[in-house]
Undergrad: 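Dumping the structure here so I can ask a few things about it.
Atoms within a ligand are numbered from 1 in the order they appear, just like the ligands themselves.
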Amino acid sequence: MKTNRTFTMIKPDAVENGHIGAILEKITAAGFRIVSLKMTQLTVADAEAFYAVHSERPFYGELCEFMSSGPIVSAILEKENAVEDFRTLIGSTNPAEAAEGTLRKLFAESLSKNAVHGSDSDENAEIESNFHFAGREQF
Ligand code: ATP
Ligand code: MG
């Protein structure tokens, strides 16, 4: 398992609001190397599979509807301690509670439209990376 990698998505709200460039700039300035990168759009079924861990949660339908509502930018990122450091960079799930300077504080609209995804473990980083990118797309 590659413990120095994490997976991220710039969510439909941040793409729609024109924040792709600013978010990628913050990510690389924080020391992450881009391993993989693409713009794509999830189907509802893709989003349901990706967020299957949340299938019993009351917000699952809303979450999958939103995540498939428009294009996203997905990426694999590399840095020592990548998962934890990227979670620190993006900030709390609810942007109202996110620290100053974090990506969600800067770019998120709301709890459901919170701009950026970040993997929550090394194991999930690998699963999520391979869900979005073929081996030949990982550099
Ligand atoms: P992500 O997995 O997208 O990085 P997270 O790990 O901070 O976010 P999770 O608990 O995994 O948060 O929830 C996944 C996503 O579901 C959140 O990013 C948020 O958009 C949405 N979500 C979480 N809790 C709620 C809620 N109570 N109401 C509405 N949407 C929610
Ligand atoms: Mg999560």
Side-chain angles (χ1 to χ4, degrees):
M1 193 181 297
K2 300 186 183 81
T3 57
N4 57 344
R5 290 186 175 186
T6 192
F7 172 79
T8 185
M9 294 179 286
I10 301 175
K11 298 187 180 186
D13 59 312
V15 172
E16 172 74 21
N17 291 331
H19 297 316
I20 295 173
I23 290 172
L24 290 177
E25 171 59 26
K26 292 272 182 198
I27 289 171
T28 52
F32 292 88
R33 184 181 77 80
I34 294 174
V35 173
S36 306
L37 182 70
K38 70 180 164 195
M39 194 166 184
T40 185
Q41 184 164 355
L42 299 176
T43 63
V44 175
D46 290 333
E48 287 172 350
F50 186 87
Y51 281 112
V53 63
H54 293 311
S55 61
E56 302 304 318
R57 309 283 286 278
F59 58 83
Y60 181 62
E62 179 194 343
L63 173 64
C64 295
E65 194 72 32
F66 168 62
M67 286 303 298
S68 58
S69 67
I72 61 165
V73 171
S74 59
I76 301 172
L77 305 173
E78 188 171 76
K79 181 183 183 295
E80 204 175 299
N81 202 35
V83 166
E84 192 183 342
D85 286 2
F86 192 71
R87 296 287 302 193
T88 301
L89 180 67
I90 66 179
S92 300
T93 307
N94 186 346
E97 295 164 9
E100 287 301 326
T102 60
L103 297 180
R104 283 171 169 161
K105 182 71 174 184
L106 290 167
F107 302 113
E109 287 183 32
S110 64
L111 174 57
S112 45
K113 297 183 174 181
N114 62 359
V116 189
H117 164 81
S119 302
D120 60 12
S121 66
D122 292 333
E123 186 189 9
N124 284 336
E126 181 148 14
I127 292 168
E128 292 170 3
S129 294
N130 293 329
F131 182 92
H132 282 259
F133 293 100
R136 67 179 181 283
E137 296 174 314
Q138 300 184 23
F139 302 95

Undergrad: Any heavy-atom pair between the side chains of L37 and L24 that's under 4.5 Å?
TA: yes
Undergrad: Under a single-linkage definition using a 4.5 Å side-chain heavy-atom cutoff for Ile, Leu, Val, Met, Phe, Trp and Tyr, are L103 and L111 assigned to the same hydrophobic cluster?
TA: no
Undergrad: Identify, for atom 9 (P) of ligand 1, the protein heavy atom at the shortest distance, and state residue, atom and that distance.
TA: H54 NE2, 3.6 Å
Undergrad: Is it true that, when you exclude K79 itself, more than 12 heavy atoms of the residues, nucleotides or ligands shown sit nearer than 6.0 Å to its NZ?
TA: yes
Undergrad: Report, in ascending order of atom number, the atoms of ligand 1 lying under 4.0 Å from any heavy atom of G118.
TA: 4 (O)
Undergrad: For atom 7 (O) of ligand 1, grab the closest protein heavy atom and report residue, atom and distance to one decimal in Å.
TA: T93 OG1, 2.5 Å
Undergrad: Quick one, N4 and E80 - any side-chain contact, counting heavy atoms below 4.5 Å?
TA: no
Undergrad: Classify the contact between K11 and ligand 1 as side chain, backbone, both or neither, using a heavy-atom distance cut-off of under 4.0 Å.
TA: side chain
Undergrad: Which option wins on minimum heavy-atom distance to atom 25 (C) of ligand 1: F86, F59, Y51?
TA: F59
Undergrad: Under 3.5 Å, is there a donor-acceptor pair linking the side chains of Q41 and D46?
TA: no
Undergrad: Around atom 27 (N) of ligand 1, find the nearest protein heavy atom and jot down its residue, atom name and distance.
TA: L111 CD2, 3.6 Å
Undergrad: If two hydrophobic side chains count as joined below 4.5 Å and joins carry through other members, does I10 share a cluster with Y51?
TA: no
Undergrad: Using a strict cut-off of 4.0 Å, indicate which atoms of ligand 1 neighbour a heavy atom of N114.
TA: 17 (C), 18 (O), 19 (C), 20 (O)
Undergrad: Within a strict 4.5 Å, meaning less than it, do heavy atoms of the E109 and N17 side chains meet?
TA: yes
Undergrad: Does L63 have a non-hydrogen atom less than 4.0 Å from ligand 1?
TA: yes
Undergrad: Going by the order shown, which atoms of ligand 1 are within less than 4.0 Å of some heavy atom of R104?
TA: 1 (P), 3 (O), 4 (O), 7 (O), 8 (O), 18 (O)
Undergrad: Record the part of M9 in heavy-atom contact with ligand 1 below 4.0 Å; permitted values are side chain, backbone, both and neither.
TA: neither
Undergrad: Any link between F66 and F131 through a network of hydrophobic side chains (Ile, Leu, Val, Met, Phe, Trp, Tyr) touching at under 4.5 Å?
TA: yes
Undergrad: In the protein, which heavy atom is nearest to atom 6 (O) of ligand 1, and how far is it?
TA: R87 NH1, 2.8 Å
Undergrad: Would you mind listing which atoms of ligand 1 come within a distance below 4.0 Å of any non-hydrogen atom of H117?
TA: 1 (P), 2 (O), 3 (O), 4 (O)
